[in-house]
Amino acid sequence: MEVRHDGDCYRREVRAGVVVIVGAVAVATSAAADPPKPTRTSMPHPRPARAPGYDVAGVNASCERCHADIASEWRASLHRASATDPVYQRAHAREPLAFCASCHAPEGDARAAIGVACVTCHVPDAAVLAVPTAPSNGTHVAAPRAAPHAVMRDARFATPEACAACHEFRFPTAPSDSAWPSDFMQSTVHEHARSRSAATSCASCHMPRVADARGGHASHAFAASRDETSVRAAVTVAASRPSRARVRIVLTPRAVGHAFPTGDLFRRLAVSAEARDARGQLRVRDEAFLARHAPQQPRAPGLPKDDRVAIDGSSSTVWLDVAGAADGDTIAWRVVYQRVEHLTSTNDRDAVVEGEIVVASGTLEPR
């Protein structure tokens, strides 16, 4: 398998049968490179803890009353279920870290059921944060007269900076000002900045415009890793069988503005091929996982650290071995996007997968 390296390496320990990420370490790479600049957000951002008397639910309900279409989308989204989602709850029970709850339950444990709400992103202070409605010479423009509340319009709210607080973050053990890739549990914003889509906002793909009675709005359904259409559109896949014993899978990025898959360490592509005889009996199977891998031994040279589909537009090639196949066998292949709940050992195959989407599949006829 052709593997690209970006210097990511994390130390894993097996605790009670569950692999736990316990730290981040810098890894020497074959080519020296300057680390990326750390993400620094200067725009207003939600505060993890509000004043005890702040009526989060009441303020959020007032948002919903005036923006019913948007509220309906949000209520069905993963933002709304960020703290109540059973997968998150099981993961947080294993590792009850405050830094997880700061994004999954940003309004505090007592208000966790509200998830990432309207107020979380739009009401960091007294005014409602929004994007400009017209070009401006400065950062802010005046609020529309019809608004029933104060509005602070900030052009940065339409950029990746608005998403960075929760969609790019370091391990809790990493220095808070570190810029090294190995210190980031999620590096989506850096990936986007280095991609061919750097000039395109996150919202362009994840919050596309939809029609409404007011002339349209950005969708608050937040299409992401559970949206089959978006996942399948991210790459094109071509499969071939150059010889009896080998299968070649080529993945080329298409509609994606970051590495694929992105997110935390538990998002991956499972690429497989299996040979079956004329009766349909399995003869041999091979599988590879494209992900940000976390080797058990830190600083080990030559280990694959990141073999996801690249952000520079180049293709990733996966070679699978079906040496036990006979000339007349049919090869079935699949590329599957997997959301891993947790690993039970340092072997990638020993994983509890909580959900998956088949990106592409097919058969290769006998040679």
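What you see is a predicted model; the values in this text were computed from it and never measured. The analysis underlying the following values was restricted to heavy atoms, covering all of them including side chains, and did not include hydrogens, waters or symmetry mates.
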Which residue, R308, Q186, H258, forms the side-chain hydrogen bond (donor to acceptor under 3.5 Å, both in side chains) with E191?
R308
Any side-chain donor paired with an acceptor under 3.5 Å for E168 and H192?
no
If only side-chain N and O atoms count, and only distance matters, is there a donor-acceptor pair under 3.5 Å linking T262 with T188?
yes
Considering all heavy atoms, the nearest [X]-[Y] contact:
X	Y	result
V231	S225	CG2-O, 3.8 Å
A165	C103	O-SG, 3.9 Å
S314	P253	O-CD, 3.3 Å

Quick test of your reading: applying salt bridge (charged side-chain N to carboxylate O under 4.0 Å, His left out), list the pairs with at least one residue in residues 79-90, sequence neighbours left out, ordered by first then second residue.
R90-E341
For residues 214-235, the salt bridge (charged side-chain N to carboxylate O under 4.0 Å, His left out) pairs (sequence neighbours left out) are R226-E354, E228-R232
For a salt bridge (charged side-chain N to carboxylate O under 4.0 Å, His left out) check, start with the C-alpha distance between D183 and R170, then their side-chain angles and the critical distance, and finish with the verdict.
CA-CA 5 Å; D183 281 342; R170 300 167 184 83; over 6 Å; no
Does a side-chain heavy-atom distance below 4.5 Å link V116 with C121?
yes
Could I get the full list of side-chain contact (heavy atoms from CB on, under 4.5 Å) partners for [X], not counting sequence neighbours?
X	result
A323	A245, D321
A71	E64
A326	R283, D329

Once rounded to the nearest 0.5 Å, what's the spacing between atom OG1 of T363 and atom CD1 of I331?
10.0 Å
Could you state the interatomic distance from CG (D264) to CE (M185), rounded to the nearest 0.5 Å?
4.5 Å
Quick one: salt bridge (Lys or Arg N to Asp or Glu O under 4.0 Å) partners of D55, sequence neighbours excluded?
none
Between F169 and F99, how do the two ring planes meet: parallel, tilted or perpendicular, split at 30° and 60°?
perpendicular
